[in-house]
Amino acid sequence: VQLQASGGGLVQAGGSLRLSCAVTGSLFSHEVMGWYRQAPGKERELVAISTLGDFTNYAASVKGRFTISRDNAKNTVYLQMNSLKPEDTAVYYCAAGNSGSYYLALTYRYWGQGTLVTVFS
């Protein structure tokens, strides 16, 4: 299984970006898809999750601004990021997992290579 993240870039604060994560094989093979991010000098943090049961959840810092979605026909997961802030600057990773807590990194067996998002003020 391979995950290919794309869509990162340089954006002014208040702007928007949409990240994509293309998955080889079927999204239905993975109970949960997640987006993580890691800012320089900080620990990796979970940003958003989406499950096969259409459950979604978000980190408090992005709730109301970010939206995770799936296109099962394209085997792609998206992260729409609006009202971006400089503190959203990070490398964003998509990940796929099955059994286990949705909120633990250990649950995610497959990881993409990351895409850099830089937000300037």
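What you are looking at is a predicted structure, and each value in this text was computed from that prediction instead of being measured.
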* Structure fact -> Contacts of Asn57 meeting side chain to side chain donor-acceptor pair (under 3.5 Å) (sequence neighbours excluded), chain-then-number -> Tyr103

* Distance in Å, Asn75 CG paired with Arg70 CZ, rounded so as to fall on 0.5 Å steps -> 10.0 Å

* Structure fact -> OH of Tyr110 to CG of Asn98, rounded to nearest 0.5 Å, is 8.0 Å

* hydrophobic_cluster_shared for Phe55 and Tyr36, side chain cutoff 4.5 Å -> yes

* Asked: When you look at Met81 and Val62, which way does the side chain to side chain contact (heavy atoms under 4.5 Å, CB included) test go after all the steps?
  -> CA-CA 8 Å; Met81 305 185 296; Val62 307; over 6 Å; no

* Ile68, Leu46: one ILVMFWY side-chain cluster at the under-4.5 Å cut-off? -> no

* Structure fact -> Sorted by chain and number, sequence neighbours left out, salt bridge (charged side-chain N to carboxylate O under 4.0 Å, His left out) with Glu31 holds for none

* Asked: Between atom OG of Ser69 and atom CG of Asp54, what is the distance when rounded to the nearest 0.5 Å?
  -> 11.0 Å

* **Verdict with reasoning, Lys74 to Leu27, per side chain to side chain contact (heavy atoms under 4.5 Å, CB included)** => CA-CA 9 Å; Lys74 295 183 178 180; Leu27 278 182; over 6 Å; no

* To do: Not counting sequence neighbours, which residues clear ring-ring contact (aromatic ring centres under 6.0 Å, His included) with Tyr93? List them please.
  => none

* Asked: Side-chain heavy atoms under 4.5 angstrom apart, residues restricted to Ile, Leu, Val, Met, Phe, Trp, Tyr: same cluster for Val47 and Tyr78?
  -> no

* Structure fact -> So the salt bridge (Lys or Arg N to Asp or Glu O under 4.0 Å) pairs with at least one residue in residues 88-99 (sequence neighbours excluded) are Arg37-Asp88, Arg65-Asp88

* Structure fact -> Heavy-atom closest pair (Ala105 atom, Trp111 atom, distance to 0.1 Å) is O-CZ2, 3.9 Å

* Contacts of Thr24 that satisfy side-chain contact (heavy atoms from CB on, under 4.5 Å) - sequence neighbours left out -> Val1, Gln2

* Asked: With distance as the sole test, does Gln38 use its side chain to make a donor-acceptor pair with the main-chain N or O of Ala90 at under 3.5 Å?
  -> no

* Asked: When rounded to the nearest 0.5 angstrom, what distance separates OG1 in Thr56 from NZ in Lys63?
  -> 9.0 Å

* For Val119, does its backbone N or O pair with a side-chain atom of Thr89 as donor and acceptor, under 3.5 Å? -> yes

* Asked: Got a second to check how far His30's NE2 is from Ser50's OG, nearest 0.5 Å?
  -> 12.5 Å

* Using the disulfide bond (SG atoms under 2.5 Å apart) rule, collect all pairs that involve residues 3-114, keeping only residues at least two apart or in two chains. => Cys21-Cys94

* Do any N or O atoms from the side chain of Thr76 and from the backbone of Asp71 form a donor-acceptor pair under 3.5 angstrom? -> no

* **Reported CG-to-OG1 distance for the pair Leu79 and Thr67, which is rounded to 0.5 angstrom** => 8.0 Å

* Does Ser16 offer a backbone N or O that forms a donor-acceptor pair with the side chain of Asn82 under 3.5 Å? -> no

* Hey, can you tell me if Phe66 and Tyr92 have their rings parallel, tilted or perpendicular (30° and 60° cut-offs)? => tilted

* Asked: Do Leu19 and Tyr108 share a hydrophobic cluster (ILVMFWY, side-chain heavy atoms under 4.5 Å, transitive)?
  -> no

* Is there a path of hydrophobic side-chain contacts, each under 4.5 Å between heavy atoms of I, L, V, M, F, W or Y residues, that connects Trp35 with Val32? -> no

